[in-house]
Amino acid sequence: MDRTLENRLALVTGASRGIGAATARALAARGAHVVITARTAAGLEEVEQAIFDAGGSATIAPLDLTQTDSIAKLATAVGERWQALDVMVLNAAMLGSLASVPSIDPKEFAQVLTLNVSAQAAMIAAFDPMLRRAEHGRVIGVTSSVAQTPRAFWGAYGASKAAFETLLGAYGDEVAEMSRVRTAIIDPGATRTKMRARAYPGEDPASVKAPEIVAEAIVALAVEGFADGHRERVGA
């Protein structure tokens with residue numbers, strides 16, 4: 001069994017299902033202890049049990065990332081138990097309603113921006129000290145093609161992901177010369193997730209790749225490393 005990440009600590013957001021859950025399981029399979037977060041405690045418990053059953057280790061942390069005080073509390077709790085954070089996968093995101101730009105609901109748009117941008121900034125700020133203490137701190141953000149290629153009716157989500165990419169890239173540029181923290185962006189492409197099913201209700205789920213394929217690409221980055229600002233799209 002490949003235990004390349006033995007004695008490493010990883011944290012995955014949005015880990016109760018889909019890409020986040022698959023990534024947590026894959027990181028644990030490589031030996032990492034994985035802190036998994038999401039709003040749904042039941043989903044996290046299922047992922048934790050799957051990790052335990054496979055011989056791995058994990059800690060669940062149910063929380064709402066839109067509540068910034070919960071992020072600070074999580075960082076404090078993790079920091080009290082571990083010195084450094086080796087891998088942080090920023091996967092949690094909200095799709096919102098697909099609508100033309102003039103029809104975007106301001107309240108929902110604010111919610112999308114809060115989770116997809118503001119909460120990500122809070123996660124980076126809260127865990128920056130632990131990432132800097134790691135031998136090679138790695139922050140991997142999950143994005144979407146609509147962040148760089150605008151698409152009709154995807155304006156709200158695309159704008160939030162474009163902002164997230166800029167935020168993570170700026171952080172990487174800031175720390176590259178003074179630490180061993182590196183940042184990367186991964187675009188999963190068409191993947192069999194609940195978010196995908198909501199966006200494309202008529203699509204046959206079997207026609208797109210499983211989340212495990214994306215998870216393996218993320219784990220490869222965690223294991224092999226990458227130059228700062230790395231960007232990757234996972235093929236079909």
Side-chain angles (χ1 to χ4, degrees), residues 5-17 19-21 23-28 30-49 51-52 56-94 110-142 160 163-164 167-176 178-184 218-219 221-222:
L5 298 176
E6 193 82 52
N7 300 319
R8 303 289 177 88
L9 179 68
L11 186 155
V12 182
T13 66
S16 61
R17 61 175 183 255
I19 292 170
T23 299
R25 293 193 299 267
L27 287 166
R30 295 294 185 93
H33 182 88
V34 188
V35 177
I36 52 178
T37 75
R39 288 186 301 172
T40 312
L44 289 176
E45 289 168 359
E46 290 179 10
V47 176
E48 180 188 42
Q49 190 61 54
I51 288 172
F52 287 165
S57 63
T59 299
I60 66 171
L63 81 163
D64 183 350
L65 291 178
T66 62
Q67 304 297 320
T68 26
D69 59 335
S70 67
I71 293 175
K73 289 176 182 176
L74 174 65
T76 298
V78 173
E80 288 175 349
R81 184 170 174 186
W82 293 279
Q83 273 292 109
L85 178 59
D86 300 282
V87 181
M88 183 163 70
V89 181
L90 298 175
N91 166 71
M94 175 183 177
Q111 293 174 338
V112 170
L113 292 175
T114 296
L115 177 57
N116 296 4
V117 184
S118 300
Q120 312 308 318
M123 285 291 295
I124 292 169
F127 287 97
D128 172 65
M130 289 189 70
L131 288 163
R132 290 175 187 254
R133 285 196 291 269
E135 185 177 354
H136 296 287
R138 289 160 184 163
V139 185
I140 302 167
V142 180
S160 72
F164 169 56
L167 184 79
L168 185 56
Y171 171 66
D173 200 37
E174 290 158 5
V175 299
M178 61 181 70
S179 75
R180 285 177 285 190
V181 177
R182 298 294 180 265
T183 66
I218 292 173
V219 171
L221 290 176

Practice task
Let me see the working for Val175 and Leu131 under side-chain contact (heavy atoms from CB on, under 4.5 Å), right down to the final yes or no.
Solution key: CA-CA 10 Å; Val175 299; Leu131 288 163; over 6 Å; no

Handout entry: Sub-4.5 Å side-chain heavy-atom contact between Leu9 and Val78
Key = yes

Completion exercise
d(Glu46 CD, Gln49 CD) to nearest 0.5 Å is 10.0 Å

Practice task
Carefully, step by step, assess Leu90 and Ile124 under the rule side-chain contact (heavy atoms from CB on, under 4.5 Å).
Solution key: CA-CA 9 Å; Leu90 298 175; Ile124 292 169; 4.1 Å; yes

Practice task
Taking the side chain as every heavy atom from C-beta outward, state whether Val35 and Leu85 have any atom pair closer than 4.5 Å.
Solution key: no

Exercise for the section: State whether the number of non-hydrogen atoms from other residues, nucleotides or ligands found under 6.0 Å of Glu6 atom CD is greater than 12. Expected result: yes

Practice task
Could you tell me the separation between the CE atom of Met123 and the CG atom of Leu65, rounded to the nearest 0.5 Å?
Solution key: 6.0 Å

Problem - Spacing of Thr59 atom OG1 and Leu44 atom CG [to the nearest 0.5 Å] - result: 11.5 Å

Problem - Minimum-distance pair of heavy atoms, taken over all atoms of Ala163 and Val117 - result: CB-CG2, 3.8 Å

Practice task
Could you tell me the separation between the CE atom of Met88 and the CZ atom of Phe127, rounded to the nearest 0.5 Å?
Solution key: 7.0 Å

Exercise for the section: Determine yes or no for a side-chain-to-main-chain donor-acceptor pair under 3.5 angstrom, with Thr13 supplying the side chain and Asn91 the backbone. Expected result: yes

Problem - Distance in Å, Arg8 CZ paired with His33 NE2, rounded so as to fall on 0.5 Å steps - result: 15.5 Å

Practice task
List the steps, then state whether side-chain contact (heavy atoms from CB on, under 4.5 Å) holds for Ile60 with Glu45.
Solution key: CA-CA 7 Å; Ile60 66 171; Glu45 289 168 359; 3.8 Å; yes

Problem - Arg17 atom CZ: more than 12 heavy-atom contacts under 6.0 Å - result: no

Problem - Contact summary for Ser16 and Thr40, nearest pair of heavy atoms - result: CB-O, 4.0 Å

Fill in the blank from the handout: Minimal heavy-atom distance between Tyr171 and Val181, with the atoms involved, is OH-CG1, 3.9 Å

Problem - Pairwise side-chain contact, Met178 with Arg132, heavy-atom cut-off 4.5 Å (strictly under) - result: yes

Handout entry: For Pro129 against Ala126, the heavy-atom pair lying closest together
Key = CD-O, 3.7 Å

Completion exercise
d(Gln111 CD, Ser160 OG) to nearest 0.5 Å is 12.5 Å

